Structures are given as C-alpha cells and as structure tokens.
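Numbers here are sequence positions counted from 1. Since the structure is predicted, the reported quantities are computational estimates derived from the model, not experimental observations.
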Amino acid sequence: MYTKMIENNKLHKMLRGNNRDRIIRIPWCLLLTTLLLIFTSIPVQAAHLSDIRADITILQGETLAQIPEKYSDSPVEALDNAISNIDKANNHTLEGYECKAYNFIEAAISKMNKYVNKLENLKKQEKVLPAIVDPLIAHAFVIVAALNDELPGGGTPASAVIGAELYAGNLCMLCHSDDGSGGIVGVDIQGKANCDIYTAMMTEEVHGGITTTIDESKDLAAFLSDPVQLPVIATGPFADPNNCRICHPRQYEEWQGNMMSYGARSPVFSALEALGNKLTGGALAKIDGVTDGSDLFCQRCHNPVDSFLDNFPTFEGSDAPPLRDSASEVGGLGLSCDVCHQVSGPDLTRSLKGDLGDGIANNALILAPGEEKFGPITDPQPNPIHQSTNSAYLKSSEFCGACHDVRPRAADVIEGEDFQRLEDLFTEWQKGPYGPIANIVGGVVSCQDCHMDAGPPAPAGTYPEDKTSVYPRPRDSTERRVSTHYFTGVDIALIEDFPGQDDPGLDSHGYPIGQAQRRDDLLKSAATIDLSAPLTVTGGDVLPITVDVTNIGAGHNIPSGFSQERQMWIELIVADAGGEIIYQSGYLQDSAHSETGELTPDGNLHDEDLQNLIVVIDPETGEATTLEHGPDYNLRHGNSPVNLGLANFGNEFIRVGSTGEEEEVFIPFLADHMDNSHSIPPLETESVRYDVLIPVGTTGPISITARLRFRPFPPRFLRLLAQARPDLVDEALVDRNTIIEMAATAPHSVMVQ
C-alpha cells in the first residue's frame, strides 16, 4: 500500500521530475520509525500511536511554524481525532469501535492529501518558497504511510524501500557511518545529508533493484535499531562490480548483461585465441614469464584486470586450457566498472610494431588502480566511498579507440604498413563524416553519443519514444545526459545462461532491456535498402535490377569491428505470378553437419552458410582443404564480369602468394592483408546490379523483393572453432548465432510482355 501511495502522490512526481535538487529535510528518527513500521507491520498498539503523535508534533511545531499563519490550515485536528479513537479501540472491546477508528484514519488520510494539494498550490502561486513547502510535503506523506499501516491490510513489502542484501554484504556502513552507530542519529551521515538519503530511499536511486524477503527485512529492521560495528569491505586494485552496484544500481544492471562483461568469458573468443596460440606457437599468450606489451595480445582488451595484475600463466602448449580458466573472479567479468573508471589517460607508447604514437589500438590505456575513479561529470560531488575526478578522456572516442582498433604485429604486404588493421572501427569513425577530420554534420559525434545513449535524443539526454539505438548527431558539450551502460552492439552472448540477452521487458524509461532486442533495433536503424527495376519486361530478355544499400545510421562502416567475420548481405528473390522462383541470391539451404554432431538437417537455416563458396577447413591448420565457387558466387569481379551472384559486404582475410596472387583465407592468423574495402562507409550508398534473364513463357506479373540481412559470424567459422576446441564451442552455440533482418523493400511488380 505504501508503495502504491508513493507512486501515485505528488511527492513521487516531484522527486522523479526536475526537482531532485530541492531540499527535503526530515528528522532521521522519523524515517527510521517509518521503516520499522513498514518492515514489521506492527498491529494497532499504544507505542505505535505515540510515534504518530510525535510526527504530528514535529509537523505542527517545528515545520508549520515556517508557514505564515493564514496558510497553516493543517490536518492536525483530524489526526488527533483518529489517534483518540485508536486509543479507545485499544482500551475497549466494544463491537464496532475498531471500525470507527479506521474510519477516522481514512478521514485523516483524506485530510492530509488535501493539505498536500494546498501546499502544492501555494508553491505554484509563489506565495511560499519551495524550500519551505517541499519538506512539509515530504513529512506529510511519511505520516500518511504510518497511518496506512494502521488500516486493515496495511503494511509494505520491504523490497520496495530497501534490501537486506545491503546488510548481508556488510555494505550499509559504508554510507551509514563506521562507528557502530549506523548513522541513525545526526544531521549528517558520512557526508550524506538526511534529505539526500530520504530522497534516495523514496526514489529507489540507491537501494533500488535489490529484492528481499519479509524475514530478511525484519532482521534488517532489528539491526538498524541496534547496530554493531562492521568491518570495512576488503577491496583490491579492481573492485567487484557488486560493490559499485549499491550506489549505481542502474549502471550495474545495464552493464552485467552487455558484451563488455561477456568479453572475457566468451567461448568464441576463447576458442579463437586458443587456436591462434596453437598456430603461432603461443604468440597471443604470455611468453617466457614476461608481459611486456607484445604478448597477451587478446587478453589485454578482453581481460585487462588479469593482464595488468600479471595473473596469466606462461604459454604451456597448444593443448593447454584456455586462458579464461586462469582468470580471477573480477578479471573474468571482463571490462568491469573499475577497468574503465580507473583509466587515467591514453598510453601513447602502445600499438606494437607500427607504433603511431596515437594511443589507439591494442589496449593503449594507462590503468591507475586506487581510490580515485575517473568519470564524465564535470563537478563530481564528494562521497564516502571513493575519490571522483572528471576526465575528458572518458568522454572521447579515443578512449574507445584504445581497444576498438586492433593492430596485429604482422605486416600488411599490400597496404605497406608494418601492422595489420584487423579491426579498424575507430579509424573508420575518425576519418568519416562524424569524426574530426572530414566532419560534415556540424560537430563531432562520439562513440559514446550513440552507444551510451538511448538515442535518438529529443532533446538530448532524454529517453525517446522511438526505441532506435543509434542516431549520430553532434551534442552541445554542456548538455548533461543519461549515459546508459548497455553498450549496444551487433553481438550478443551465445551462451544460454548469460543475463539479459533476450529479456522482452522495458527498463524504467521504456527502453528495451534485452541485448537481442537492443541489437535488433541498432541494426534496423543502421541502413536502408531500395530497389529499382523497369515496370515491364519481355520474355527472353534480361531484367536489370538495382539494389541500393545506404549506411544512414552508423558512425563507422557497416559491417565493422571484426568485419572479416561479419556477414551483411542482400537476399534477392525474383518470382513469377505463381510464386515459382526465377532467380535468387543470398539464400540458404538446410543441410547436415556431421563434423559437429548435426547428423541430419535440423530445419534451421540460421546455422547454414551462404551459397557463394563451398569451403572445408582443417581445424589443425586453419587451411581450406576445399575451396570452390558455389551456385551463388559473385561473378561481378571476374575476367568477364556478370551482374549476378551474392552481394556480401563483409570484409576478407587475404593471403598473398609468392608470385603475387591473392587468395581468401578464413582465419586472421594466415593473412598477409586485411581487405577492408567491402564494407559501406557512413552516409554512403553501395549500388548492386543484377541482370536476371526472364525465360520465354514466364507468367507475369513478376515480383521482386530484397532484404538486407546480418549475422555476427559465418557458421563455418564457428564450426571450425567447434572442431578445434569442442570444449568451448558446440553445435548448440552455432544455432544461437541468429540472422537479423536489417531492412527490406516492398515487393516490386514487373509486367511480362
């Protein structure tokens, strides 16, 4: 009942709206009393009545005195009548007396609500300062909560206010004093004013999202009434994110289901790293007991904690357990809170060979573990947990670029650089229309502007009605906006028990919680697809079809990141009036995959490879033992170009032979060149032509449809990893690598003459 009342009253609206900076002063003893009432659901008794009388005295004596007498029409008389009748109900057993007492309580609550309305009107008329009125409103609703507790069915689930998990984790005293008093008495509690604590409790900003049982709540209430000394939480160079959760519940909930926290435990990543170490003799691992920046190449971004703390073992051979098995508890959580918020700046000495001195790529970050936490707020307020320092670097795209360009040490023999651009995401942004070099949108749009925002903001900093995840636009640097920690991208976790991957619910701002839902929104906002063709065709002639794909919503190329293993392609279907297919491209066919245990076709097309190539890869060497053109092979780049075949915008790994010939390989460890020319840059359009022969006698009208489709990995890549490391990847994981429809055209009709 208390929760429902708070959600519906004006105090709730006031705190949730633009009035959070207003002062709400309330005696701590009153708040404790209210909490005890809520937690224990005390029946009608004299001790409880005296508490309510004390509240009335405070309201009438200490606070109403601040209101001019002509405006001080308070509900005290109604409250006195209610308490008088409750007294009678306690001292008499006359039938109906208790009912009469409850009637007076309801009347008192009604009177109190009218009183609140009157105070609100006074504030609107500017007859009384908000600094005076707001504390009265807050105090009034605390009394209403106590009165509600006296009604039949009264009382409140304690999880609506505070969680016993705070007590169980020995975390209460971090904010509520460390001297054994619990901070229950006093105006100031470890730097937190009573009004701040009250506001946080009422709006669930601090204690929200933590559930508890009624028994746990009673234990908590008993503890708060007689607190004891608790030890300070033990912390290391990198704190457990659960510690951060207490004060930052929203950020924690968003982070725990995102790919930053998944990166260190991803079986696909671990299997690829293990295969890479096998093929390179441990070049990606820790070599000779030394971590000098040229080893632990993958872990430095996927698990910075254990890389920094030197927790990984020296390379033990290709059959050794994956490095993730050596991760510490915090390190296994990937990029946790302290990784980003203990970065003091860029490391300009990194990038391995080909060092550009730019602090970009290969975890070019300076980690500074300690009590000082870096963040984007220009005027951070003191708190009892850690020091807070504003960092412009954390708001820059260069901060993201420290990991989101990846430059292996091997030379690119075609580009002429002494490193390869395995991931070029940051550089694509930097040189593109949203970056600082060739900007055409009126201002720099950072990585955070898209991937840490709800977007598209209207105005900036608000959660929009539209659920689109990405909408690049420049921002005023003075704008204060909500920074989400979902870090939405094109990947989701491919394991079953990872939190928040397919949650159909919405967060408190009406925004999708599930990473799959957010990923789908992001991809659908990234591109458009358009189709053009003549309105008529003669049987026996070629029908020219043009499909345009435009990168409208990404600040970098699409696809990007590990773009050589991304697939973004056009599915085109041309069919006659009876639905018979005349031509198709970008299609899939169901088949068995005995190499990973799928002995018969399973009816699932998501786990099928495209038909442009027929490839069989040896898991011991990574070499293609079979590499043939498939029925949907792209013929546009042959010696005699033909406008037919698969249009796939994923980039490629290329190996250059001794005589200069180029061939595609399917893992990065065999490549001499990263061909990143196939993806579509920001705001650019790629036009694809299809010349389809329409057979004589075709019945019209012909229907043409096109879809732009995406999936993070080709199934053959995942099955290679499953064969190389069956302890990490299996067929069930391959099946969870689903296809997303990014955009589609309406059917285009062509008459046959």
* **Nearest heavy-atom neighbours spanning Cys400 and Cys447** => SG-CB, 3.7 Å

* To do: Look only at the side chain of Asp405 and the backbone of Phe426, and say whether a donor-acceptor pair between them is shorter than 3.5 Å.
  => yes

* **From CG (Asp672) to CD1 (Ile414), nearest 0.5 Å** => 8.0 Å

* Where is the tightest heavy-atom contact between Gly700 and Ala577, given as atom of each residue plus distance? -> O-CB, 3.2 Å

* Mind listing the closest non-hydrogen atom pair of Val406 and Ala361 along with its distance? => N-CB, 4.4 Å

* **Gln420 side-chain N/O to Ala411 backbone N/O, donor-acceptor pair under 3.5 Å** => yes

* **Flag side-chain contact, heavy atom, 4.5 Å: Lys278 against Glu620** => yes

* To do: Identify whether the distance between the nearest side-chain nitrogen and carboxylate oxygen of Glu496 and Arg736 falls below 4.0 Å.
  => yes

* Asked: Judged by atom type as modelled, is there a donor-acceptor pair below 3.5 Å linking the side chain of Asn439 to the main-chain atoms of Gly443?
  -> yes

* Asked: So, for Ala271 and Val729, which heavy atoms are closest and what is the spacing to 0.1 Å?
  -> CB-CG2, 3.9 Å

* Asked: Can you find a pair of side-chain heavy atoms, one from Glu608 and one from Ser591, that are under 4.5 Å apart?
  -> yes

* Are the side chain of Asp576 and the backbone N or O of Ile702 linked by a donor-acceptor pair below 3.5 Å? -> no

* Test side-chain contact (heavy atoms from CB on, under 4.5 Å) applied to Ile739 and Trp569, step by step -> CA-CA 11 Å; Ile739 297 169; Trp569 74 95; 4.0 Å; yes

* Distance-only, no hydrogens or angles: does the Glu254 side chain make a donor-acceptor pair with backbone N or O of His485 under 3.5 Å? -> yes

* To do: Flag the pair Asn277 / Ser318 as yes when at least one side-chain heavy-atom distance between them is below 4.5 Å, and no otherwise.
  => no

* To do: Fit a plane to each ring of Phe562 and Phe653, take the angle between them on a 0 to 90° scale, and name the class: parallel (under 30°), tilted (30 to 60°) or perpendicular (over 60°).
  => tilted

* Please check if the side chain of Ser594 supplies one atom and the backbone of Gly597 the other of a donor-acceptor pair under 3.5 Å. => no

* Classify the side-chain pair Asp548/Thr685 by whether it contains a donor and acceptor separated by less than 3.5 Å. => no

* Could you give me the CA-CA distance, side-chain angles and deciding distance for Asn258 and Thr488, then say whether side-chain contact (heavy atoms from CB on, under 4.5 Å) is met? => CA-CA 7 Å; Asn258 73 29; Thr488 307; over 6 Å; no

* **Salt-bridge contact Asp727-Arg324 (side-chain N to carboxylate O under 4.0 Å)** => no

* Pairwise distance CD1(Ile581) to OH(Tyr583) - rounded to 0.5 angstrom -> 11.5 Å

* Can Asn557 and Ser560 be counted as having a side-chain donor-acceptor contact under 3.5 angstrom? -> no

* Min side-chain heavy-atom separation Leu531-Ile545 under 4.5 Å -> yes

* What orientation do His302 and Phe269 show, parallel under 30°, tilted 30 to 60°, or perpendicular over 60°? -> parallel

* Asked: Nearest heavy-atom pair of Val734 and Pro715: which atoms, and what distance?
  -> CG1-CB, 4.3 Å

* Asked: Is the backbone of His451 close enough, under 3.5 Å, to the side chain of Tyr486 for a donor and an acceptor to pair up by distance?
  -> no

* Step by step, work out the side-chain contact (heavy atoms from CB on, under 4.5 Å) result for Ile704 and Ile573. => CA-CA 6 Å; Ile704 310 172; Ile573 298 177; over 6 Å; no

* **Spacing of CG belonging to Asp735 relative to CD belonging to Glu598, to within rounding of 0.5 Å** => 6.5 Å

* Asked: With distance as the sole test, does Asp520 use its side chain to make a donor-acceptor pair with the main-chain N or O of Leu523 at under 3.5 Å?
  -> no

* Would you give the length of the straight line joining atom CD1 of Ile492 to atom CD1 of Ile740, rounded to the nearest 0.5 angstrom? => 7.0 Å

* Asked: So His629 and Tyr633, would you call those rings parallel, tilted or perpendicular, with 30° and 60° as cut-offs?
  -> parallel

* Salt-bridge present (Asp691, Arg689; N to O < 4.0 Å) -> yes

* To do: State, with a plain yes or no, whether a side-chain heavy atom of Val547 is found less than 4.5 Å away from one of Leu572.
  => yes

* To do: Find out whether Leu670 and Glu623 are in side-chain contact, i.e. whether some heavy atom of one side chain is under 4.5 Å from a heavy atom of the other.
  => yes

* **Verdict with reasoning, His678 to Asn651, per side-chain hydrogen bond (donor to acceptor under 3.5 Å, both in side chains)** => CA-CA 5 Å; His678 300 279; Asn651 292 320; 5.5 Å; no

* Do Gln567 and Asn648 meet the criterion of a side-chain donor-acceptor pair at a distance under 3.5 Å? -> no

* Please say whether the positively charged group of Arg566, taken as NZ for Lys or CZ for Arg, lies over the ring of Phe713, i.e. under 6.0 angstrom from the six-membered ring centre and within 45 degrees of the axis. => yes

* Look up atom CD in Glu664 and atom CG in Leu613, then write down how far apart they are to the nearest 0.5 Å. => 6.0 Å

* To do: Assess Arg636 against Tyr690: is NZ or CZ under 6.0 Å from the centre of the six-membered ring, and within 45 degrees of the ring's axis?
  => yes

* Ile552 side, atom CD1; Ser525 side, atom OG - distance, nearest 0.5 Å -> 7.0 Å

* To do: Look only at the side chain of Ser261 and the backbone of Gln256, and say whether a donor-acceptor pair between them is shorter than 3.5 Å.
  => yes

* Donor-acceptor contact below 3.5 Å, side chain Asp675 vs main chain Ile654 -> no

* Might you work through the side-chain hydrogen bond (donor to acceptor under 3.5 Å, both in side chains) test for Asp503 and Gln517, ending with a clear yes or no? => CA-CA 8 Å; Asp503 189 330; Gln517 288 77 6; over 6 Å; no

* Looking only at non-hydrogen atoms, find the nearest pair between Leu543 and Pro534 and report the distance. => CD1-CD, 3.7 Å

* Is any side-chain heavy atom of Met259 less than 4.5 Å from a side-chain heavy atom of Phe487? -> no

* Would you please test Leu605 and Tyr587 for side-chain contact (heavy atoms from CB on, under 4.5 Å) and show each step? => CA-CA 9 Å; Leu605 292 180; Tyr587 59 93; over 6 Å; no

* **Salt-bridge criterion met for Arg719 and Asp607 (N-O under 4.0 Å)** => yes

* Salt bridge present between Arg707 and Glu571 (N-O < 4.0 angstrom) -> yes

* To do: Could you tell me whether the side chain of Ser270 reaches within less than 4.5 Å of the side chain of Leu323, counting heavy atoms only?
  => no

